Structures are given as structure tokens and as C-alpha cells.
There are 2 protein chains.
Amino acid sequence: MALEHAILVSLLEKPGSGYELARRFERSIGYFWTATHQQIYRVLKRMETDGWVAAREVPQQGRPDKKEYSVADLGQAALSSWLHEPIEPESVRHDLAVKIRGAAFDDPAALVREVERHRQVHTDRLAHYLAGEERDFPGEYPAGAGVEPDAERELQHVVLRGGIAYERMMIAWLDDVLTTLRRFGPGR
Amino acid sequence: MALEHAILVSLLEKPGSGYELARRFERSIGYFWTATHQQIYRVLKRMETDGWVAAREVPQQGRPDKKEYSVADLGQAALSSWLHEPIEPESVRHDLAVKIRGAAFDDPAALVREVERHRQVHTDRLAHYLAGEERDFPGEYPAGAGVEPDAERELQHVVLRGGIAYERMMIAWLDDVLTTLRRFGPGR
DNA sequence: AGGGCCATGTAATAGGTTACATGATTGC
DNA sequence: GCAATCATGTAACCTATTACATGGCCCT
């Protein structure tokens with residue numbers, strides 16, 4: 001119950017078309033909330049009907065025209081009231097944890113490759129986050145250094161630091177998993 | 001596409017009724033995969049029709065009879081083939097991260113309470129995990145000590161260690177978030 | 001000529017949530 | 001007497017995924 005809100009945040013950061021939003025949901029905001037273009041177009045249409053966002057036709061040369069959406073007053077209000085709600089206890093879905101527990105009833109060693117593959121994905125993501133941090137927040141430290149604070153920037157940065165901490169934790173844990181799995185020889 | 005598999009793993013660890021499964025999904029396996037009783041009964045019925053699980057009527061005194069489910073050969077095979085699939089890139093849904101980025105367009109300081117509440121939830125979960133670890137895996141170390149390995153036990157333990165690492169990471173990150181939010185005075 | 005990107009959608013299906021429903025027993 | 005726990009389900013609705021569909025431009 002919050003794709004709408006993720007879209008509002010993304011459009012406040014920068015107005016854009018459904019297509020552009022779909023691309024953002026493949027990177028940036030998409031690391032914290034996934035959505036496909038089909039979903040986005042559907043929700044965007046409803047949000048327009050409800051007056052949360054306003055569309056502006058932007059003619060383009062050499063490309064199809066696009067509808068650039070931006071947040072309307074009603075959308076801003078909807079976001080604000082969502083931010084003030086105390087809800088959501090985070091529902092989790094860790095396929096890999098289920099697989100690891102399931103491996104006890106199959107062949108634990110057969111999971112090694114799969115876990116290694118996941119480890120690689122997390123290593124790549126970490127590298128990607130760190131590169132983004134160097135690019136967008138160079139020379140900044142968590143505690144700031146007397147510079148006047150820019151909420152949008154700093155909050156984006158703290159979320160990014162969360163992503164970095166998550167990837168580091170995952171890599172360390174997956175190493176633990178690999179050590180554990182390797183204690184069980186193949187073909188058991 | 002894996003509630004079935006989570007149920008199979010849980011039933012392999014210990015056969016049980018739909019009700020009992022629903023309770024397990026509130027703790028233990030539920031920390032990695034959430035499901036309500038309605039969902040479980042529906043899926044369990046389908047799994048029975050498909051021959052993945054077998055039900056046994058267990059008469060009880062002082063309580064309604066229950067159907068105890070256990071994994072059938074077809075279910076075991078289905079689990080095995082799922083374990084050998086290389087899939088799933090983990091779809092994420094971090095409401096809080098979206099909220100934090102959204103707070104830049106509202107009142108960052110108003111989020112402090114919400115984040116503190118989340119921090120408390122994670123602190124409680126960590127304490128709960130650590131208590132479970134002391135109870136179920138006393139005196140064990142990640143690298144074992146020459147004892148013969150029991151796959152089911154050790155894999156449960158490594159998953160639990162993942163939960164512990166996750167909660168610790170979250171607590172540290174939420175502290176970082178709080179420090180950042182507090183840099184923006186109230187009523188901005 | 002073919003593949004990839006830009007741009008927007010519809011349709012069918014699967015999965016998940018919320019609300020409603022029933023009924024017995026145990027403990028306060 | 002009332003609430004909680006055990007036990008099982010149905011129905012309606014909302015969300016999300018997968019497949020299908022179109023069409024022009026740009027680059028190799």
C-alpha cells in the first residue's frame with residue numbers, strides 16, 4: 001500500500017514520465033521499492049484521476065511525445081498524511097533463507113553455487129552504491145562539518161548509507177553461509 | 001511464488017496442522033516469510049489436491065480435531081527442483097526508506113518518533129533472536145569444534161545468525177538516520 | 001536488416017489482504 | 001459471563017506479475 005507514495009517522492013525529487021519513473025524504479029528508488037512499468041502506468045492513471053498528480057504533454061523531436069507528471073497539491077497532502085501515519089511493520093520475503101533451511105532435506109552442497117551467485121550480486125550492488133556515493137556525495141561525513149544542511153540531499157545520502165550497510169551485512173552473512181554449507185560434502 | 005516452498009520446509013522440519021503452520025509463520029519461519037492463516041489454508045488445500053502433502057485426521061480431546069499435514073513424495077520432489085532452480089533476485093519493499101526520502105518534502109523532524117519506534121522493534125527482535133540462540137544453540141561457534149555436523153540444526157542456526165546480523169545492521173543504521181533527522185529542527 | 005531504446009498501454013492470471021463466519025474449551 | 005485459544009474455512013477486493021501489443025528512431 002505505498003507504490004503511490006514512492007511515486008510521489010520520486011516525482012517531487014524530479015518530475016518525469018511513466019517511462020522515466022519505470023527506469024528510476026530499476027535503480028535509485030527501485031533499490032527500496034520495486035515496480036514494473038505496467039504497474040506504474042496503471043497507478044499513475046489513477047493518481048491523475050484522483051488529482052494527486054498533473055500531466056503535461058511534452059512534444060519531443062526524434063522520440064515519441066511524453067506525458068510529464070508532477071505532484072499536485074492533493075498529492076502533496078496525501079504524502080504528508082502518509083508520513084504522519086505510524087504504520088507498517090515490514091513484511092519480509094527472504095527466499096534464500098527458506099532455501100537454506102530447505103537444503104537440509106536435499107543436498108546442502110548443491111546450494112553453494114546459488115549462494116555464491118547471490119554473493120556476487122551483492123558485491124556488485126555494493127560497488128555500485130559506493131561509486132554513486134563518491135559521485136554524488138564526495139567528501140561528506142555522517143556528522144557533517146558545519147555546512148548548512150540540505151534536507152533532500154542528506155536524506156538521500158542516509159538512505160544510500162543504509163543500502164551500503166545492508167549489502168556489507170549480506171556479503172558477510174553469505175560468507176558465513178558458504179562456510180557452513182561447505183561443511184557438508186557433496187552427494188550426502 | 002514460494003509460499004508453497006516455505007510450507008514444505010516447515011512441514012519437513014515438523015508435520016503440523018494449518019493452524020500450527022499459521023502460528024509458525026508468526027515466529028520462526030515467519031521472520032523470513034510472512035503469511036496469514038487464510039492464505040495458508042488455501043495453499044494447503046491446493047497442495048493436498050496436487051499430492052504435495054498428505055493429511056491425517058488427528059482426533060483431540062478438549063479441542064477440535066485437526067488435520068496434520070506431512071510432506072508427500074511429490075512435495076519433496078517439488079522442493080528439490082525449486083532448490084535447484086537458480087532464480088529470484090529479491091524484490092525489496094522498504095517503506096521506511098521511502099518515508100525518509102519523502103520527509104525532505106515535509107517535516108523531517110516529525111519522522112523522529114516513527115524511526116525511534118522502528119528502532120525499538122528491531123531492538124526487541126534482536127533480543128528475541130539472541131535468547132533463541134542461547135536456548136537452541138548453546139556454546140556453538142560458527143566454525144564448529146570437531147563435532148559431527150547436523151545439517152538441519154546448523155542450517156537453522158546460520159539463518160538465525162543472518163537474522164541477528166540484519167537486526168544489528170538496522171539498529172546501527174537507524175541511529176545514523178536519527179542523527180541525520182535531528183540536524184533539521186522541528187517545524188521547518 | 002536487426003537489435004535496442006523510447007514511449008505507452010491492455011488483458012489474463014496469480015497472489016495477498018481484509019472482513020466475515022462458526023463453534024468448542026479453558027481460564028479468570 | 002467474557003475473553004482468549006484452538007481450529008477451519010469462505011468471499012470480496014486489491015495488488016502484482018506475465019504476456020501481449022504497437023510503433024518510430026538510432027546505431028551498427
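By convention in this document, chain letters (A, B, ...) are assigned in the order of the sequence lines, proteins followed by strands, and residues within each chain are numbered from 1. Everything numeric here is computed off the predicted structure, so don't read it as measured data.
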For this session: Quickly, which of A/Leu83, A/Leu155, A/Val9 forms a side chain to side chain contact (heavy atoms under 4.5 Å, CB included) with B/Ile100? Name it, please.
Result: A/Leu155
Seminar exercise, completed: From the list A/His37, A/Gln39, A/Gln38, side chain to side chain contact (heavy atoms under 4.5 Å, CB included) with A/Tyr41 holds only for A/His37
Exercise. What are the two closest non-hydrogen atoms of B/Glu152 and A/Ala104, and how far apart are they?
Worked result: CA-CB, 3.5 Å
Exercise. Any sub-3.5 Å donor-acceptor pair from B/Trp173's side-chain atoms to A/Val158's backbone N or O?
Worked result: yes
Exercise. Is there a donor-acceptor contact under 3.5 Å from the side chain of B/Ser80 to the main chain of B/Gln76?
Worked result: no
For this session: Would you please test B/Glu13 and B/Gln156 for side-chain contact (heavy atoms from CB on, under 4.5 Å) and show each step?
Result: CA-CA 10 Å; B/Glu13 288 177 353; B/Gln156 276 185 20; 3.3 Å; yes
Protein-nucleotide distance ([X], atom [atom1]; [N], atom [atom2]), rounded to Å:
X       : N      : atom1 : atom2 : answer
A/Gln60 : C/dC6  : CD    : P     : 10 Å
B/Glu26 : D/dA4  : CD    : C1'   : 14 Å
A/Leu21 : C/dC6  : CG    : C1'   : 14 Å
B/Ile40 : D/dC6  : CD1   : P     : 14 Å
A/Asp65 : C/dC5  : CG    : C1'   : 17 Å
A/Phe25 : D/dA16 : CZ    : P     : 11 Å
B/Leu3  : C/dG16 : CG    : P     : 6 Å
A/Arg93 : D/dT17 : CZ    : P     : 11 Å

Exercise. B/Tyr69 and B/Val58: same hydrophobic cluster, using ILVMFWY side-chain contacts below 4.5 Å?
Worked result: no
For this session: Spell out, yes or no, whether B/Val121 and B/Val115 are grouped together once hydrophobic residues are joined by side-chain heavy atoms under 4.5 Å, including indirect joins.
Result: no
N/O-N/O pairs, protein side and nucleotides 19-21 of chain D side, under 3.5 Å:
unit_1 : atom_1 : unit_2  : atom_2 : d
D/dA19 : N6     : A/Gln38 : NE2    : 2.8

Exercise. Just checking, any donor-acceptor pair under 3.5 angstrom between side chains of A/His84 and B/Asp106?
Worked result: yes
For this session: For the residue pair A/Tyr166 and B/His94, confirm or rule out a side-chain donor-acceptor distance under 3.5 Å.
Result: no
Look at the side-chain N and O atoms of [X] and state whether any lies under 4.0 Å from the OP1 or OP2 oxygen of [N].
X       : N      : value
A/Arg23 : C/dC6  : yes
A/Lys45 : C/dT8  : no
B/Tyr19 : D/dT8  : no
B/Gln39 : C/dG15 : no
B/Lys67 : D/dC6  : no

For this session: Find which nucleotide of DNA chain C each of A/Arg42 and A/Tyr69 is nearest to by heavy atoms, and output the residue with the more 5' nucleotide.
Result: A/Tyr69
Exercise. So how far is it from A/Asp95 CG to A/Glu114 CD, rounded to the nearest 0.5 Å?
Worked result: 9.5 Å
For this session: Using ring pair (Phe, Tyr, Trp, His ring centres under 6.0 Å) as the criterion, list what pairs up with B/Tyr19, not counting sequence neighbours.
Result: none
Seminar exercise, completed: When A/Val43 and A/Pro64 are each assigned the nearest nucleotide of DNA chain D, the 5'-most assignment goes to A/Val43
Problem set entry | Residues in side-chain hydrogen bond (donor to acceptor under 3.5 Å, both in side chains) contact with A/Glu133, at least two apart in sequence or another chain | A/His157
Between protein and nucleotides 25-28 of chain C, what N or O pairs are separated by less than 3.5 Å?
unit_1 : atom_1 : unit_2  : atom_2 : d
C/dT25 : O4'    : B/Gly62 : O      : 3.4
C/dT25 : O3'    : B/Gly62 : O      : 3.3

Seminar exercise, completed: In numerical order, the residues of residues 7-18 of chain A whose heavy atoms come under 4.0 Å of DNA chain C are A/Ser17, A/Gly18
For this session: Choose from D/dC6, C/dG16, D/dG9 the nucleotide whose nearest atom is closest to any side-chain atom of B/Tyr41.
Result: D/dG9
Seminar exercise, completed: Axis-to-axis angle across the helix from C/dA1-D/dT28 to C/dC28-D/dG1, five pairs each end, nearest 10 degrees, ~ 30°
For this session: Please determine if A/Lys14 and A/Glu20 form a salt bridge, counting it only when a charged side-chain N lies under 4.0 Å from a carboxylate O.
Result: no
For this session: Describe, in one word, how the ring planes of A/Trp52 and A/His5 are oriented to each other, choosing from parallel (under 30°), tilted (30 to 60°) and perpendicular (over 60°).
Result: tilted
